[in-house]
Amino acid sequence: MSESIEKKWQKSWKENHIFEPSIDGKKFFITVPYPYANGPLHIGHGRAYTYGDVIARFKRMQGYNVLFPMAFHVTGTPILAIADSIKNGNKETIDLYKSYLNLYEDNEERINGIIEGFKDPERIALYFSEKIQRDFETIGYSIDWRKKFHTGETYYNKFVEWQYKKLYEMGYLKKGDYPITFSIVDGNPVGEDDIKDGDTDKVSIIEYIAIKFKFQDGYILAGTLRPETIFGVTNIWVNPEALYFKVRSGSEFYFVSKEAFEKLKYQIYDVEKVEEYRGEFFVNKFAMEPLNGREIPILPARFVDPDNATGFVKSVPAHAPYDYVALRDINFWEGKINPILVINIKGIDGIPAKEFVERNGIKDQMDPALEKLSEEIYRLEYYHGTMGENCGEFSGKLVQDIKDRIKEWIINKGYGIKFYETSRKAVTRSGNKVIVAVVKGQWFLDYSNQEWKKKTHELIDSMEFYPPSFAQQFHDVVDWLRERPCVRKRGLGTKFPFEDGWIIESLSDSTIYTAFYTIIDKIREYNIKPEELDEAVFDYIFNGKYSPGLEKFKEIRNLFEYWYPVDLRVSSLAHLSNHFTFYLFHHAAIFEKKHLPRGIMVLGMLISEGAKMSKSKGNVIPLATIAEKYSADLFRLYIVANADFDTVLDWREVEVKSLEKKLEKFKSIVEDSIGLPFMNELNYMDQYIINIFKVRLKKAYEYMDNYKFRDAMVEIFFNFLNDIKYYEKREGEERRKKIIRNILEDWLKALAPVIPHLCEEYWHRLGHQNFISIEKYPVTEDIDYSIIDSVNYIEEILEDIRNILKVSGIVPKRIYIYTSSERARKLMMIAKEDKSRAFKEAKDKTEISLIKQIISQRLFEKKCPENEEEIIKKSISYMERELNCEILLNSNEDPGKKRAYALPCKPSIFIT
RNA sequence: GCAGGGGUAUCCGAGCCUGGUCAAAGGAGCGGGACUUAAGAUCCCGUGUCGUAGGACUACGAGGGUUCAAAUCCCUCCCCCUGCACCA
């Protein structure tokens with residue numbers, strides 16, 4: 001039922017083009033990052049678009065000319081990888097995609113046909129783009145679909161090409177070597193998604209220094225993460241069981257493990273195997289350390305892993321527990337080796353490794369506790385250690401200050417080379433080994449460029465962030481960001497204009513595309529050919545650099561000028577340290593100041609039943625089923641009202657159900673009033689409900705204007721429903737139906753940004769011909785707060801009475817209420833201004849105690865009605881009904897001697 | 001490790017910026033009542049402890065401090081979450 005209402009209005013909005021703005025009036029341009037079209041979206045994606053849509057709708061009702069566009073992202077490796085996987089008949093992928101297709105298709109045969117088509121990556125992108133659009137339409141998003149495009153289109157390629165030419169001219173593109181995770185068998189770089197357990201157990205790249213120890217006619221390479229301890233090396237460890245190679249690199253020979261040789265082939269490339277040895281070959285021979293030319297022995301150790309770094313380990317027994325224990329196991333090589341202390345730490349007198357090993361009772365070199373000890377010593381020495389006197393130019397320096405300098409020094413002096421290793425042993429999903437390879441001639445975006453950073457910082461300072469605390473975080477990310485590779489060998493995307501064989505990487509091609517929205521529809525409409533979109537054309541459209549012959553692009557230029565910049569970009573936290581920051585960098589680089597982004601809203605993440613959504617947990621909720629299963633309006637209300645935008649939102653079935661009940665309640669209240677006429681004769685409670693509505697509406701408007709939609713919904717939806725409940729309790733259902741008619745239009749308008757379908761439906765049922773979606777948001781004035789205060793006052797009295805009843809256990813027959821005297825009120829007013837003067841005014845002890853109470857209870861701060869007696873009179877029958885007994889107000893009788901205790905705002909009560 | 005954000009009653013979750021009106025919004029759950037043949041739905045009341053009169057006491061991760069006054073401000077500690085790169 002609700003779905004058909006929703007469908008009806010979605011269709012009607014579309015047919016009437018009400019979300020397709022022309023360029024007229026004050027504009028508001030809002031965007032949400034486009035989704036990656038490799039499968040159906042889930043409700044997490046829906047959160048950002050729902051927020052975007054609610055804001056778009058609200059801004060429209062505020063009188064702005066709103067543009068809310070979207071497009072589809074198809075560039076990158078995933079879609080290609082899926083197509084390949086399907087082509088290769090991978091069952092897992094095929095089953096997954098069949099399950100996706102089941103969301104949209106009901107014919108088995110058709111599904112198989114579509115899967116067959118998915119061998120072509122473009123078909124995947126197109127299919128899901130279409131379905132995502134369909135899904136978005138079912139949620140009622142007010143998107144201007146004329147602006148739709150996808151990133152595989154030639155138009156878009158031309159645009160990105162222009163962007164990269166600009167960046168190149170400005171010197172923001174750089175070329176160099178870069179280490180990446182890589183699979184030898186697949187011959188490809190591998191990302192987190194390609195690595196087994198890569199999402200849960202991250203693999204990072206570790207930079208070792210391989211120190212060159214002269215051995216025979218070459219060098220033994222011993223990898224280390226602690227090059228600063230080179231001064232304390234006493235020996236080298238070799239695994240006697242493992243296989244080692246002698247390899248040639250340029251004019252030098254290196255000795256490394258077999259595994260290390262495989263890695264070097266992809267890191268320094270110019271290497272070839274010359275000879276091979278068992279590890280035991282090296283045992284008890286000598287090598288020469290590079291600094292002072294000391295001869296040091298090569299000794300066997302079982303802990304040496306040939307598949308970690310170079311397969312040789314330099315031994316620093318003073319600072320490395322492993323080395324210390326391994327040496328102790330062989331009695332310090334008959335006592336010929338003494339640990340050399342090179343780092344001093346306050347509070348440790350002896351040899352740190354020895355102290356730690358003995359204190360922890362380590363038995364031998366296979367003790368698992370060694371790992372932790374090593375870390376502990378490392379941290380201590382790194383942060384608190386200073387280099388000893390025997391460390392040349394580094395003596396006396398703090399370790400953390402000179403560690404990087406020592407690295408550089410070793411490499412510059414030719415004492416060692418860099419060697420990259422993965423942070424843990426890793427294999428691809430298909431089980432192939434992952435190593436670190438160095439890509440030669442990789443192009444980067446130079447985010448370390450200080451001038452570029454500065455521009456971006458300035459941009460951040462000029463922007464609004466929601467929540468505001470994120471401004472600082474953006475500054476931090478900008479400072480922290482370094483060079484980022486921006487091209488890849490593989491994947492869909494725009495060809496890199498400065499070198500063949502490279503594709504612009506998919507996060508780097510999606511940074512300023514919000515500008516493209518403003519013009520794409522006209523480019524199509526005017527049938528402009530992609531090849532016409534050269535540098536000069538884009539320079540004119542986006543930066544106003546006119547050159548002859550570009551007249552025909554004037555209107556397109558105007559379009560851009562009118563809409564740009566983006567007033568608000570809404571997305572999730574996940575985009576903060578990448579997309580959002582790139583978005584800022586690239587805008588700061590390319591566009592004029594007046595066209596730089598104005599605001600960013602960062603949404604918290606969405607979880608399902610208390611847990612992060614994931615396929616393995618089976619708690620992924622696809623957007624495709626939402627409208628049918630719950631209704632778009634329920635979904636939208638849940639998204640907006642169940643959590644503040646910047647916190648985690650938990651999609652919980654029980655909560656959804658409870659919200660659904662609330663929404664049903666709302667529907668029945670509205671429907672009850674639709675056919676009724678306005679009420680003209682308003683009583684006390686009618687005045688109350690109308691005024692409390694105005695208060696709610698005013699607050700809701702202010703909240704919405706600050707994008708606090710949850711708070712707005714609490715006011716205008718939840719709290720007001722409670723107000724209605726209260727009204728009904730006092731005045732009855734029939735009168736409620738009538739009075740609600742008086743505020744109905746405004747109420748619907750207030751809710752229209754969040755639950756547009758229901759509001760549109762009721763709006764029309766009320767006889768309106770136009771669309772509520774583009775009505776003006778109601779403004780409120782002339783609120784009578786005193787009537788609201790008076791109702792609160794009555795409820796406070798009731799609460800006091802109930803409290804007394806509860807404590808005393810009395811079943812009331814009669815309740816006496818006495819309001820305060822004029823005199824007491826006067827004393828209160830004096831006390832408000834000057835407490836001591838109030839005491840001076842007091843005539844007797846009773847008055848002094850009154851004043852004390854007034855002050856201690858801060859009664860003068862309460863919103864206290866003037867005419868207490870009159871107010872109680874208006875509500876006395878209600879109170880009697882509630883309490884089920886007779887109430888006597890300011891009676892001449894005073895059986896409890898309570899009259900004298902009546903305070904302003906706090907009448908005294910006696911119950912019998 | 002670096003950066004950011006948190007720890008609030010049975011649970012979820014507001015409040016904290018701008019100290020008092022906070023025993024702390026709103027849900028959920030639970031208890032009692034009304035309605036009903038009954039269940040459900042709905043509505044009302046209650047839900048820290050104590051209390052035969054509207055009160056007192058204890059409470060907002062732990063511990064200190066500032067203040068007439070602290071969930072709110074400052075310091076220290078403990079714990080949790082998120083991101084950390086070539087991946088969209």
Side-chain angles (χ1 to χ4, degrees), chain A residues 33 35-38 73-79 178-181 189-195 198-199 202 204-205 375 378-379 382-383 439 442 444-445 447 467-470 472-477 479-488 491 505-508 510 573-579 581-582 604-605 610 612 641-644 646-650 652 654-655 657-659 661-662 664-665 668 710-711 713-714 718-719 722 725-726 728-729 733 796-810 857-859 861-863 882 896 898 901 906-911:
Chain A
Y36 193 67
N38 67 335
H73 198 197
V74 306
T75 44
T77 43
I79 288 185
Y178 197 71
I180 52 164
T181 44
V190 289
E192 186 182 299
D193 288 343
D194 308 315
I195 294 172
D199 49 344
K202 291 220 164 35
S204 53
I205 293 171
E375 265 176 48
Y378 176 71
R379 202 167 308 144
Y382 181 76
Y383 291 106
V439 178
Q442 170 75 53
F444 300 90
L445 283 162
Y447 291 127
S469 62
F470 276 88
Q472 186 51 47
Q473 209 166 328
F474 274 105
H475 279 304
D476 291 343
V477 175
D479 279 332
W480 158 91
L481 212 61
R482 304 195 309 264
E483 295 87 352
R484 181 193 161 90
C486 61
V487 295
R488 303 203 61 180
E505 178 269 331
S506 66
L507 272 182
S508 304
S510 304
L573 196 55
H575 280 135
L576 192 138
S577 62
N578 45 57
H579 169 72
T581 310
F582 303 158
M605 71 170 174
K612 212 169 166 174
N642 254 52
D644 288 328
D646 57 340
T647 62
V648 175
L649 170 60
D650 194 357
R652 287 159 75 182
V654 283
E655 303 272 342
K657 280 277 173 296
S658 122
L659 185 63
K661 278 182 213 158
K662 276 270 184 314
E664 289 302 320
K665 182 74 196 170
S668 70
R710 182 183 119 98
D711 293 317
M713 284 305 111
V714 167
F718 298 102
N719 286 349
N722 284 341
K725 207 151 76 175
Y726 178 71
E728 187 172 323
K729 181 165 98 177
E733 192 181 343
E796 275 174 32
I797 296 172
L798 278 173
E799 198 183 311
D800 279 350
I801 294 172
R802 288 196 183 106
N803 198 1
I804 296 166
L805 289 175
K806 183 185 147 203
V807 174
S808 65
I810 299 170
Q857 296 189 35
R858 305 177 146 266
L859 291 178
E861 285 178 8
K862 292 181 77 168
K863 285 177 186 164
E882 281 293 296
K898 282 282 190 177
Y901 295 98
K906 203 159 170 70
S908 65
I909 296 158
F910 180 72
I911 304 172

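For the numbers below, each heavy atom of this structure counts, side chains included, while hydrogens, waters and symmetry mates do not. Chain A is the first sequence line, chain B the second, and so forth, proteins listed ahead of strands; every chain is numbered from 1.
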Nucleotide paired to rA38(B) in any strand shown, Watson-Crick or G-U, under 3.5 Å: none
Between rG83(B) (C1') and Phe582(A) (CZ): distance, integer Å: 13 Å
Distance test, side-chain N/O of Arg488(A) to OP1/OP2 of rA88(B), below 4.0 Å: yes
Watson-Crick or G-U wobble mate for rU58(B), both contacts under 3.5 Å: none
Distance, rounded to the nearest Å, where Leu659(A) contributes CG and rG26(B) contributes P: 16 Å
Positive for side-chain contact (heavy atoms from CB on, under 4.5 Å) with Ser506(A), one of Thr75(A), Ile79(A), Val74(A): Thr75(A)
rC35(B) and rG27(B), which share atom name P, separated by this distance in whole Å: 25 Å
Sugar-phosphate, base or nothing in reach of Ser508(A), heavy atoms under 4.0 Å: nothing
Touch class at under 4.0 angstrom, heavy-atom based, for Asn578(A) against every strand present: base
P-based separation of rU47(B) from rA25(B) [nearest Å]: 11 Å
Strand partner of rC22(B), provided both Watson-Crick or wobble distances fall under 3.5 Å: none
Side-chain N or O of Ser658(A) closer than 4.0 Å to phosphate OP1/OP2 of rG27(B): no
Rounded distance (Å) that lies between atom C1' of rC87(B) and atom NE2 of His73(A): 11 Å
Gap between atoms CG and C1', on Asp476(A) and rG83(B) respectively (whole Å): 12 Å
Distance, C1' atom - from rC78(B) to rG61(B), rounded to whole angstrom: 8 Å
Mind listing the N/O atom pairs, protein and nucleotides 9-19 of chain B, below 3.5 Å?
from: rC12(B); atom 1: O2'; to: Arg652(A); atom 2: NH1; distance (Å): 3.2

For the student: nearest non-hydrogen atoms of Glu655(A) and Asn642(A), plus distance: OE1-ND2, 3.8 Å
Whole-angstrom distance between rU72(B) and rA14(B), as gauged at atom C1': 14 Å
Minimum heavy-atom distance Tyr36(A)-Pro78(A), with the two atoms named: OH-CD, 3.4 Å
Sugar-phosphate, base or nothing in reach of Ile797(A), heavy atoms under 4.0 Å: nothing
rG26(B) OP1/OP2 closer than 4.0 Å to side-chain N/O of Lys662(A): no
Leu805(A) CG to rC44(B) P, straight-line distance once rounded to whole Å: 19 Å
Partner nucleotide, any strand, of rC16(B) [Watson-Crick/G-U, under 3.5 Å]: none
Separation of rG29(B) P from Lys657(A) NZ (nearest whole Å): 13 Å
Partner nucleotide of rU72(B) by Watson-Crick or wobble geometry (both distances under 3.5 Å): none
Watson-Crick or G-U wobble mate for rG4(B), both contacts under 3.5 Å: rC81(B)
Sugar-phosphate only, base, or nothing, as touched by Pro907(A) at under 4.0 Å among non-hydrogen atoms: base
Between Asp476(A) and Gln472(A), a side-chain donor and acceptor under 3.5 Å: yes
Whichever of Ile180(A) and Ile801(A) has its nearest RNA chain B nucleotide further upstream toward 5': Ile801(A)
For His73(A) against Ser510(A), the heavy-atom pair lying closest together: NE2-OG, 3.1 Å
side-chain contact (heavy atoms from CB on, under 4.5 Å) assessment of Phe910(A) paired with Ile804(A): CA-CA 9 Å; Phe910(A) 180 72; Ile804(A) 296 166; over 6 Å; no
Selection from rC84(B), rG54(B), rA88(B) that lies nearest to any side-chain heavy atom of Lys906(A): rG54(B)
Euclidean distance, atom CH2 of residue Trp480(A) to atom P of rG83(B) [Å, nearest integer]: 12 Å
Contact pattern, 5' to 3', of nucleotides 45-52 of chain B - B, S or - by protein heavy atom under 4.0 Å: S-S---BS
Glu664(A) atom CD, over 12 foreign heavy atoms within 6.0 Å: yes
5′-ward residue of the pair Ile909(A)/Val654(A) relative to RNA chain B: Val654(A)
Sugar-phosphate, base or nothing in reach of His579(A), heavy atoms under 4.0 Å: nothing
Taking every non-hydrogen atom, the tightest pair across Arg482(A) and Tyr447(A): O-CB, 3.3 Å
Protein-nucleotide distance (Gln473(A), atom CD; rC2(B), atom P), rounded to Å: 16 Å
Separation between the C1' atoms of rG4(B) and rC57(B), rounded to whole Å: 40 Å
Heavy-atom closest contact (Pro485(A) atom, Phe444(A) atom, distance): N-CD2, 3.5 Å
Touch class at under 4.0 angstrom, heavy-atom based, for Phe470(A) against every strand present: nothing
Nearest-Å distance once atom C1' is located in both rG51(B) and rC44(B): 25 Å
Watson-Crick or G-U counterpart of rU10(B), or none if no pair lies under 3.5 Å: rA28(B)
pair Glu882(A)-Ile801(A): side-chain heavy atoms closer than 4.5 Å: no
P gap between rG32(B) and rA41(B), integer Å: 15 Å
Distance-minimising heavy-atom pair for Ala643(A) and Leu649(A): CB-CD1, 3.7 Å
Sugar-phosphate, base or nothing in reach of Ile911(A), heavy atoms under 4.0 Å: base
Short side-chain to backbone donor-acceptor contact, Gln442(A) and Arg484(A), under 3.5 Å: no
Heavy-atom check, side chain of Phe470(A) versus side chain of Val477(A), under 4.5 Å: no
Span that lies between the C1' atom of rC68(B) and that of rU49(B), in whole angstrom: 27 Å
